[in-house]
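Please read all numbers here as calculations on a predicted model, not as lab measurements. Proteins get letters first, then strands, A, B, ... in listed order; numbering begins at 1 in each. The figures that follow rest on heavy atoms only: side chains count, while hydrogens, waters and symmetry mates do not.
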Protein chains: 2
Amino acid sequence: MLKLSKKAEYALMAAKYMALKNHSGFSTAKEISESYQIPYQLVAKVLQNLVKSDIAVSAKGVNGGFSLARKANNISLIDIIRAVETNFKIVDCMQLNSSSADCEHFDCCKIKDPLAEVQRKIDKVFTETLLVQIL
Amino acid sequence: MLKLSKKAEYALMAAKYMALKNHSGFSTAKEISESYQIPYQLVAKVLQNLVKSDIAVSAKGVNGGFSLARKANNISLIDIIRAVETNFKIVDCMQLNSSSADCEHFDCCKIKDPLAEVQRKIDKVFTETLLVQIL
DNA sequence: ACAAAAAGGACTGATTTAGTCTGACATTAA
DNA sequence: TTAATGTCAGACTAAATCAGTCCTTTTTGT
């Protein structure tokens with residue numbers, strides 16, 4: 001279906017939220033959740049993912065929260081999406097762990113190489129689109 | 001996950017198969033299924049979808065089968081994928097039937113407009129890649 | 001100490017996907 | 001006529017994925 005997951009959507013929204021108010025300190029998961037009507041626990045996890053991927057930084061405790069680790073013009077959509085999506089390939093056999101099972105005794109390879117080029121172009125779209133462009 | 005469905009993969013493979021032997025008459029669903037180790041019933045349905053979308057033509061009866069309706073340089077990947085995929089949008093609210101429910105009281109719209117441009121670029125990749133390029 | 005906040009694991013329920021099976025029907029070459 | 005083939009539709013299962021919730025722990029400012 002070539003659809004982004006909710007997690008990816010929420011990650012983009014959360015990143016946008018933080019970008020818009022970055023200067024004024026931390027944003028809490030609760031704050032983002034309420035502003036955008038996103039389930040709290042989900043956005044909290046997404047934010048944790050962003051921290052793990054060094055897109056955001058976090059501060060625990062009272063007055064803590066999340067903040068972008070970089071400027072919005074230095075964060076691409078692919079950074080954000082990859083932080084929450086495990087798979088970001090149009091076909092399975094392009095995953096890193098495509099050892100053999102899928103592609104070997106199936107003749108998937110008949111289209112693998114040409115699709116790799118398509119994959120490259122899609123990656124390019126998300127790589128070249130920066131967070132600052134969706135503000 | 002931004003992944004193509006198996007149906008889309010099979011449609012591409014089937015189209016490729018037909019393109020490669022187009023001159024030599026019809027290809028049967030059975031033949032394609034066995035050549036590529038694709039479940040027969042699935043590839044049969046996929047082929048029916050291709051016929052419905054005027055990408056392939058079919059002939060019933062003995063010696064019947066399927067054949068491409070156009071030259072491979074006149075069929076884009078998006079034609080093939082759209083023939084089998086119901087949704088081909090990265091977010092739900094870009095679907096034609098995105099009446100209201102999703103996007104209205106959720107603040108999804110915060111990212112809808114910018115993502116529409118991303119969607120356009122992805123469509124472009126699939127529109128501009130022709131079947132002949134994956135042979 | 002307490003409250004606010006992140007961190008993270010376990011779990012459930014819904015949805016989607018892939019695939020199978022069945023059966024009835026239409027067409028056509030031999 | 002008969003066998004091979006396509007057409008069409010529905011029911012069904014099993015597995016995977018997704019979205020969401022719940023609960024507990026850790027950290028930290030006041």
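Taking atom CZ on A:Phe66 and atom C1' on C:dA5, their separation rounds to 8 Å, with Å as the unit. We find that CG of B:Leu2 is positioned 17 Å from P of C:dT16, with the value rounded to whole Å. In this structure, the CD1 atom of A:Ile38 is 16 Å from the C1' atom of D:dC18, given to the nearest Å. Look at CD on A:Glu31: it is 9 Å from P on C:dA6, rounded to the nearest Å. The CD atom of A:Glu9 sits 15 Å away from the C1' atom of D:dG20 (whole-angstrom rounding). Atom CG in B:Asp92 sits about 15 Å away from atom C1' in C:dA14, given to the nearest Å. Atom-to-atom, CG of A:Leu47 to P of C:dA7 comes out at 9 Å; the value is rounded to the nearest Å. Per the geometry, CZ belonging to A:Phe26 stands 18 Å off P belonging to C:dA4, to the nearest Å.
In this structure, the nucleotide among D:dT7, D:dT21, C:dT20 sitting nearest to the side chain of B:Gln48 is D:dT7. Taking every side-chain heavy atom of A:Leu42 into account, D:dT21 is the closest of D:dT21, C:dG19, D:dG10. Listed nucleotides: C:dA7, C:dG9, D:dA19. Nearest to the side chain of A:Lys6: D:dA19. For B:Thr28, the side-chain atoms get nearest to D:dT5 when compared with the rest of C:dG19, D:dG20, D:dT5.
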Identify all side-chain donor-acceptor contacts of residues 128-135 of chain A below 3.5 Å with residues at least two apart in sequence or on another chain.
{"unit_1": "A:Glu128", "atom_1": "OE2", "unit_2": "A:Lys124", "atom_2": "NZ", "d": "3.4"}
{"unit_1": "A:Thr129", "atom_1": "OG1", "unit_2": "A:Val125", "atom_2": "O", "d": "2.7"}
{"unit_1": "A:Gln133", "atom_1": "OE1", "unit_2": "A:Leu130", "atom_2": "N", "d": "2.8"}

Atom pairs and distances, side-chain donor-acceptor, residues 41-49 of chain A, under 3.5 Å, sequence neighbours left out:
none

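Residues B:Lys3 and A:Lys89 form no side-chain contact, since every pair of their non-hydrogen atoms from C-beta on lies 4.5 Å or further apart. Counting only heavy atoms from C-beta outward, the side chains of A:Asp79 and A:Ser76 approach each other to under 4.5 Å. Residues A:Phe66 and A:Leu50 fail the side-chain proximity criterion, which asks for heavy atoms closer than 4.5 Å.
A residue-by-residue look at A:Lys7 and B:Tyr40 shows that B:Tyr40 has its nearest nucleotide of DNA chain D further toward the 5' end. Both A:Lys52 and A:Gly64 sit near DNA chain C, but only A:Gly64 has its closest nucleotide nearer the 5' end.
Within the nucleic acid shown, A:Lys30 has no heavy atom closer than 4.0 Å to any nucleic acid atom. Among the heavy atoms of the strands lying under 4.0 Å from A:Ala29 are primed sugar atoms or P, OP1, OP2 only; no base atom is included.
A continuous path of Ile, Leu, Val, Met, Phe, Trp and Tyr side chains, each step under 4.5 Å between heavy atoms, connects A:Met13 with A:Val51, placing both in one hydrophobic cluster.
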Please tabulate the protein-to-nucleotide N/O contacts below 3.5 Å involving nucleotides 12-17 of chain D, giving atom names and distances.
none

Would you list the protein and nucleotides 23-29 of chain D atom pairs, both N or O, that sit under 3.5 Å from each other?
{"unit_1": "D:dC23", "atom_1": "N4", "unit_2": "A:Gln41", "atom_2": "OE1", "d": "3.3"}

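Taking the side chain to side chain donor-acceptor pair (under 3.5 Å) definition, one finds that A:Lys121 meets it with nothing, sequence neighbours left out. Under the rule for a side chain to side chain contact (heavy atoms under 4.5 Å, CB included), A:Lys60 has no partner lying at least two apart in sequence or in another chain.
Looking only at distances, no side-chain donor or acceptor of B:Glu85 sits under 3.5 Å from a matching main-chain atom of B:Ala8.
A pairwise comparison of heavy atoms in B:Ala56 and B:Met18 identifies CB-CE, 4.2 Å as the closest pair.
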